[in-house]
Amino acid sequence: MGALRKLAVGASLVLGTIVPSVEAQTHPPFTNFAVYPNREAKVPPKYYPLRPPAIPLAVRSPYTSAWSSTFQNGTLNSQNPIFWFGQGLGWEGIVVVDGNSFEYMGNVINDFPELPYFNTTKALEVRYDSQYSNFTFLAGPVIITASFFSPVTPKDICRSSMPLSYLTTTVQSNDGKPHHIQFYSDVNAGWIGLGNDQDIIKEFHTGPLNGNGTGNITDVPTSWILRPKSPSLFIEATQVPLWGNFSFTTSSFGSENFTYQSDSATSVRFGFVNNRCLNDNAGATARGFGNQEPVYAFAHDMGTVVETSVRYTIGSIQSPAVRYLHEDGLSNLAPWWEKCYGEIHDMIRFHWNDFDTVAALGYEFEAKLRADVNAFYQGHEPPIYGNRTPVAYANTSTFTALDAQNGTDQYGHQYEFDPNSAYGFLEPGNGTGIAVPFVSEAESYYAIVALSARQVMAAYVFAVPPSSSDVTADTVEPLMFQKEISSNGNINTVDVLYPASPYFLYANPALLKYVMQPLLELQEGDFYPNTYSTHDIGAHFPLATGHVDGSDEYMPVENSGNFILMAYAYYKFTGDSAWLKKHYDLLAQFAQYLIDFSLVPAAQLSTDDFAGELANQTNLAIKGIVGLQAMSAVARVAGNEDDAAKFADMATSFYNQWEDLAIDPSGKHTVLAYQWRSSWGLLYNIYFDKLLNMGLVNPKVYEMQSAWYAQVSQVFGVPLDNRHHYTKSDWEIWTAATCSPSTRRLFINAVAYWLNQTSTNLPFTDLYEVVGMGEYPLLIDHFSARPVVGGHFALLTLGKTGQLSSAAGGDTTGSLFAKNSTDALPQPDTPTIPPSYSGAPYKQRAVRKSAPRKDTHTLHLKNPIHG
C-alpha cells in the first residue's frame, strides 16, 4: 500500500538552505570566490503537476516550438532544448555567482575541459501551468529559476499572432547574503535550419525607446536578428523554415555592464566563463560546425545583489506567412501581427515592452482554467490547488511483484494491481478496470489541459486576408491557418480541426470561424470539384493552394460530418446565425452526401487513417447520422423548414437502423464494423450529440459503452479499437465525456498516468501504446506537438454548457441547451468587433508594403478547372 501511494502521489518539495560543501582551489585564476563541485551525480527534479515527456519552453507557432525533453531523466541543465521534430536547438544559459559559472540550460559543460570554476546546477523542481514552465536549480549559495512564458491569450488575436516567447531568469540568495551575479545566454542558427555564418545574414539591432509597446519597461531592447542568406520562400528543411527571421532579444535590464558577442561557440562560451563578460564584437564570422558553429550571445553583470533577474525574448518570424489560393488568384499573405504592430522591429519592441500586460492576460486565462476545472468537478473531487499540500505523480518510484497487493482507493473501491502485467488497476474478482488510485481526477485533468494549451495554439498562424480587402478596417477578420504538425503537414486539415474543436469552443469560438473561413472560401469559390467536404486546403503548410483536381486524402463521410458538426457547434456557442445562413448551401450539400453514403460507409479512411481503410465503420456512420441531426437544426436556424424535416427524418431513420447494425448481439457494446462480432472501438463520435443535447443517441447506448470500456482497459488506458493496443488521447477524453463518472475517471487518470510514466521523448503525442512503457506505436511516424490536444478540453467545453461531472453519460441534466433546440447559449460567446485586440490601446498600423518580387506576385485565375 505504501509503495502504491508512492506510485501515484509525490510530496511537495520544500526548498531549504542547501549549500554543497566547498572545496578550495589550489591555483584559483580569480580571487575572492568559492568553488563548488562540478561533477555531481544528476538527480531528476520533482515535477508538478506531473512529469510529461517534454516541457514546453518557447511554444508559439509551428516554427517557434522549443521543448525540454525529460527522456531518460533529462532536464533543462543536462541536454539541449529540442525542436518539436526532435532535433536539438542551440540555447545556452549560464549564471555566474561570485566568479563561479553555473550552467542551468544546455550541456556545454560536457564540451569543456574540467574547470574548477565551471559547474553544473542541481535541478530541484519543474512546475508548469497553461502559460509558464518554471525550472528551479540550486547553484552554490543561490537558487536559479528559469521561467519560460508562452502566453495563451485566445481572445486577443493580435497578441496570439506574435510568434515570440519570453524567458525570465531569476537568481535569489539562498543563504541570506548578497552575491555578485552575472548572466549569460546564447543561441545558434539551428532555429532557422542553418549552422554556418556563410549561410546567414546577421543583424545586431538596438531599437528606439519603447517602440509601440504598452510601456511596461523603459529599457531599450537589443536583438540578434538572423535570416538565411539565400531564402527559399515557403520551403522547409526538417520542418524548419528556410525563409523569414529569427529574433533573440534582451535589454541592459539595469545591469552594471551589458555586453554581447558573436563568434564560434567555443570562443564565445569559453571566453565568457574565463572573463565573465563578452567583447562587444558583433561582426566576427564563424564558419565551423559543432562547437565551432556561430553563436549569438548576451551577458549581464548585475553587481552584488540578494535577488536579480534578466529577461529574453525569442522566436522564428515569417513574413509572408502563407501562400493562399482565393477567388482573385494566388497571394502571399502578411502575418496578422503586421496589421497590429507594423514591421518586424516594431513587433519585437512591442512584445518586449508588453510583458506585464500580457502576463496579466495570461493570468486571467490560467485563473479561469483552474476555476472551470473546479466548477466541473464541484462537490465530487477536491479542488485543484486548494488549501492543502499539492500532490503530484511521483517520478522516482519503482515496483516489484511484492507491491501488487490488494488495497482500497480514496473512494472506498477495492483494487488489485500487478506491476508485471499490462492490465492496470482492477476490481478483485471481476477484473473490471478502475482508475489509478490516490490521484484526484480533477488534478489529473488539470495537468492534461494545462500542458495542452500552449501546444494547440502553437499549431496556428494568423494572416491578413488578401489585398482585395481593406486590411486597415477594424472589421477585417483574420484568416487562421493550421499546420498538421508531425503527421503529414497538411494545412487546415478538417479531421484535425474536428478533434481540436473543443478547445476553440471553450476558449474562443471565433477561432473556429477564422480557421474554417479558408476552407469555406476554397469550396464556395469553385476550387474544389467534389460534393463532399475537402480534407484540407493544401498538401503541406504553409501552401494553402487547395486541391483543384479533387485529389486530396479521401475521407468523404468523415469530413462532411466534421464540417457540419463544427459549424453548428460554432453557432450554438456564439449565436452567430448570420454566419450559419451565409454558408447554408455548402452545408446542405455535405448533408446530402451524408444521406447518400453515411449509414453504410464504403471502405474508406476515417480520421484515424493510420489504422487503414475499413468498410461499415460503426463510429464513422454515427458521425454522419449525428451530423444529419445537426443539419436539421441548421436548416431551422436558416428558416428552411422543409429541409429541416427531411434531415431530421433521415437522422431518425438512420439512427434506428444503426442501432440494429452497430450493437453486438450480446448487447454489451457496439462493434467496430457492422456484424464483426469480435470487434469494438471507442465510440467518440457521439460526443457532439451530448455536448449540444441533440437527443438523438439512446441513453442506453451511452450506459452500455461506459460499462464496456472498463472491461477492455489496459494500464495506460483503453485501446482505440480491438485491432491494436495503441490509443489516442484526444479520443479517449472525448469518450470520457460520454461516460459515467467512474469510467470517465478511468480514462482521465490513465492519460495522466501515461504522461508521467511514458518512455516517449517528444512533445505530448496523442498516439501511443497502452501497454509496455507507453511508447510510440511501431511502423507509424511519431506523432508529437499536434493541435488535436485541443480535444483534451472536451470536459471543460461540456462544463461550459452546464453539464458537470456528476451526470452519467447519456444524462444531459443541467445543459443550457434544451433538447434538440436551436437556441444558442443564454450568454453566447459572441465574436467581438474588431476581433484583433484586447488590453491597452495600440497604434493602428497598415500592413507593410514592399516592392513586388517575382516569387510574391498575385496570379489572377478565373477558374482553374474550367479555364
Thr249 OG1 to His345 NE2 distance, which is reported to the nearest 0.5 Å: 9.5 Å
Distance under 6.0 Å and angle within 45° of ring axis: Arg311 vs Phe355: yes
Test of ring centre spacing under 6.0 Å for Tyr506 and His792: no
Any donor-acceptor N/O pair, Thr801 side chain to Leu798 backbone, under 3.5 Å: yes
Pair Phe248 + Tyr312: ring centers closer than 6.0 Å: yes
Parallel, tilted or perpendicular: rings of Tyr503 and Phe793 (30°, 60°): perpendicular
Near-ring test Phe102/Tyr184, centroid separation under 6.0 angstrom: no
Under 3.5 Å side-chain donor-acceptor pair for Arg51 and Thr70: yes
side-chain contact (heavy atoms from CB on, under 4.5 Å) between Ser784 and Phe764, intermediate numbers included: CA-CA 6 Å; Ser784 69; Phe764 201 157; over 6 Å; no
Test item: Gln182 side-chain N/O and Val97 main-chain N/O as donor-acceptor pair under 3.5 Å: no
Under 3.5 Å: donor-acceptor pair, side chain of Trp191, backbone of Leu89: no
Salt bridge flag under 4.0 Å for residues Lys800 and Asp829: yes
Test salt bridge (charged side-chain N to carboxylate O under 4.0 Å, His left out) applied to Glu203 - qualifying residues, sequence neighbours left out: Arg227
Check ion pair Glu125-Arg127 (N to O, under 4.0 angstrom): yes
Ser440/Glu381 under side chain to side chain donor-acceptor pair (under 3.5 Å): CA gap, chis, key distance, verdict: CA-CA 7 Å; Ser440 160; Glu381 291 282 340; 3.3 Å; yes
Under 3.5 Å side-chain donor-acceptor pair for Tyr260 and Thr222: no
Test item: side-chain donor near acceptor, His300 and Asn257, under 3.5 Å: no
Nearest-0.5 Å distance that lies between atom CZ in Phe541 and atom CZ in Phe481: 9.0 Å
Value rounded to 0.5 Å, distance of CG in Leu511 from CD in Gln482: 12.0 Å
Modelled atom types, side-chain donor and acceptor of Ser729 and Asp766, under 3.5 Å: no
Side-chain donor or acceptor of Ser255 paired with backbone N/O of Ser252 under 3.5 Å: yes
Aromatic ring proximity, centroids under 6.0 angstrom, Trp336 and Phe462: no
Interatomic distance, Ile348 atom CD1 to Asp346 atom CG [nearest 0.5 angstrom]: 9.5 Å
Tyr128 ring center within less than 6.0 Å of Tyr47 ring center: no
Check: Trp84 ring centroid to Tyr63 ring centroid under 6.0 Å: no
Lys/Arg N to Asp/Glu carboxylate O, Glu366 vs Arg370, below 4.0 Å: yes
Of Phe135, Tyr132, Tyr104, the residue whose pairing with Phe148 passes ring-ring contact (aromatic ring centres under 6.0 Å, His included): Phe135
Side chains of Ser65 and Trp67, donor plus acceptor under 3.5 Å: yes
Parallel, tilted or perpendicular: rings of Phe298 and Phe258 (30°, 60°): parallel
